[in-house]
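Okay, so here's the structure we're looking at.
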2 protein chains.
Amino acid sequence: MLLSYTEENYLKALLKITFDSGVEKVGTNELASALDVKPATANDMLKKLKEKMLVDYKKYGKINLTSEGKKIAIEIIRKHRLWETFLYQKLEFSWDEVHEVAEQLEHIQSQKLVDKLDKFLAYPEFDPHGDPIPNSKGEIKVYHKKTLSEMTPGTTCTMVAVKDNSSPFLQYVVKVGLGINNEIKIISIQEYDLMMVIEVNGQRSTVSQKFAENIYIVNK
Amino acid sequence: MLLSYTEENYLKALLKITFDSGVEKVGTNELASALDVKPATANDMLKKLKEKMLVDYKKYGKINLTSEGKKIAIEIIRKHRLWETFLYQKLEFSWDEVHEVAEQLEHIQSQKLVDKLDKFLAYPEFDPHGDPIPNSKGEIKVYHKKTLSEMTPGTTCTMVAVKDNSSPFLQYVVKVGLGINNEIKIISIQEYDLMMVIEVNGQRSTVSQKFAENIYIVNK
DNA sequence: AAATATTGTTAGATTAACCTAACTTTGTAT
DNA sequence: ATACAAAGTTAGGTTAATCTAACAATATTT
């Protein structure tokens, strides 16, 4: 099925919201704000995608991707993450620059291109942000759900990914001395506002709860 | 200046027509047919591009790119040819497959991407079809103007590029045993219909005038 | 030079993706 | 349980890129 750039973005956003929030109850307003359009616009598009059997929903009800819609959304995420990996590994883009360009590249239509790119990159499993890359069958590695904010003082963990892919956040992560696979030691947590003192490679930093919620980790 | 995918295609088509035909008198109908739209549509777009100072023309007059318009068109061709080179050299696409995908990739907006890609490919001078790749300053190597159809029996030449980049033509070229840098010996030419018997690596073939007009060569 | 053919232009309609403003339904709080 | 707030929908309008059909200008032919 041939979809427009815009239609693809709606499907991707729907999948992303369910991924990120865990919940599968996606609403029109939420979708609209994720895509930076008005709810009325999102509503129109939902009707269109329903026509095409890519989403399943009824008036005032919750929005769900059909299996076909989900398949397409996963393919777009696969392309996005493969391109990010290409930009980072082969073209020496920095961590915080890859997302924006991959947003464009993910819409290139060519099955052969995706397959060849995957091969060229030696079938990578994770992108530069630590997110799993769906394989050619659309299978995705199990998702890391624990964040730095859940850790307690005295414990140690390893960073595996970031939740927020925006440039400002990623640049801040670098500033703190953090990167994928780095060890983080939790020194202390301020009761009042949940500010956290962490240590990375001997460097101590104080980070906000918001920051800590956007760092995915695994226990040591 | 940020242009739409469509606007970029109009600028590219204008430059391409002047390149290919040699003449610089481009008409509305010709432009429209190159872009596979109706003349009325092309006319509307020309007004818009004139507004943006990218083309220069007056009612019923001839169409010209302004220097700004030309600069943009060259940048698009640069991107197109770099991507073709990438697909061919790094992703093992065949000669006849690269064009279609590059038509999409050429519209990705990121100066950094172009520069890094150029570097990654070691600053190539020619694309897989033998066409020169404009450098980062927009400079293009002098164009090969002689075609196989201009050769006379008994002479020998070297193929340097193709004029037609379409899949069917390129597949035919391969079938005849031809490729960039191959030597071609002209055995004979049929007076009546200008059919040409050529020899490539010992393989003799009979090709039409139309075929011969689409092969760029240099004399031995 | 007049007739005809070609080429270019205008007017008005369509579609996709967006908007605002008004309205309806659902959910929440007193 | 009613009232209010939040979420979702509809109606009607805009813009970019396209179309068809009618018209105007230029070029070609006899």
Original post:
Is B/Ala42 touching bases, backbone alone, or none of the nucleic acid, heavy atoms closer than 4.0 Å?
Top reply: nothing
Original post:
In terms of side-chain heavy atoms of A/Asp44, which of C/dT9, C/dC19, D/dT20 is nearest?
Top reply: C/dC19
Subject >> Gap between atoms CD1 and P, on B/Ile63 and D/dT26 respectively (whole Å) >> reply: 15 Å
Original post:
Given C/dT10, is OP1 or OP2 found less than 4.0 Å from the side-chain N or O atoms of B/Lys47?
Top reply: yes
Subject >> Value in whole Å for how far the C1' atom of C/dT6 lies from CD of B/Glu30 >> reply: 14 Å
Original post:
Of the nucleotides C/dT9, D/dT18, C/dT20, which one has an atom closest to the side chain of B/Lys59?
Top reply: C/dT9
Original post:
Is the cationic atom of B/Lys90 (NZ for Lys, CZ for Arg) positioned less than 6.0 Å from the six-membered ring centroid of B/Phe120 and within 45 degrees of its normal?
Top reply: yes
**OP:** Please state whether the phosphate of C/dT9, meaning OP1 or OP2, lies under 4.0 angstrom from any side-chain nitrogen or oxygen of B/Thr28.
**Re:** yes
Subject >> Integer-rounded Å distance: C/dA16 C1' and A/Leu2 CG >> reply: 14 Å
Original post:
What nucleic acid atoms does B/Thr6 come within less than 4.0 Å of, heavy atoms only: base, sugar-phosphate, or nothing?
Top reply: sugar-phosphate
Original post:
After noting the C-alpha distance and the side-chain angles of B/Asn219 and B/Lys146, does the key distance pass the side chain to side chain donor-acceptor pair (under 3.5 Å) rule?
Top reply: CA-CA 9 Å; B/Asn219 279 90; B/Lys146 203 166 181 184; 2.7 Å; yes
Original post:
Starting at NZ of B/Lys58 and ending at C1' of C/dT9, how long is that distance when rounded to a whole Å?
Top reply: 17 Å
Original post:
Would you say a side-chain N or O of A/Asn29 is under 4.0 Å from OP1 or OP2 of D/dG8?
Top reply: yes
Original post:
Between D/dA16 atom P and B/Leu46 atom CG, what is the distance in whole Å?
Top reply: 16 Å
Subject >> Near-ring test B/Phe86/B/Phe93, centroid separation under 6.0 angstrom >> reply: no
Subject >> Distance, rounded to the nearest Å, where B/Lys62 contributes NZ and C/dT9 contributes C1' >> reply: 20 Å
Subject >> Candidates D/dC19, C/dC19, D/dG8 - which lies nearest the side chain of B/Lys38 >> reply: D/dC19
Original post:
Within this structure, what is the OH-to-C1' distance between A/Tyr60 and D/dA7, rounded to whole angstrom?
Top reply: 9 Å
Original post:
Across the strands shown, which category fits B/Tyr57 at heavy-atom distances under 4.0 angstrom: base, sugar-phosphate, nothing?
Top reply: sugar-phosphate
**OP:** Show your working on ring-ring contact (aromatic ring centres under 6.0 Å, His included) between A/Tyr10 and A/Tyr5 and close with a plain yes or no.
**Re:** CA-CA 9 Å; A/Tyr10 276 83; A/Tyr5 186 107; over 10 Å; no
Subject >> Length of the OH-C1' vector between B/Tyr5 and D/dT18, whole Å >> reply: 15 Å
Original post:
Using 30° and 60° as the class limits, which term best fits the ring planes of B/Tyr172 and B/Phe211: parallel, tilted or perpendicular?
Top reply: perpendicular
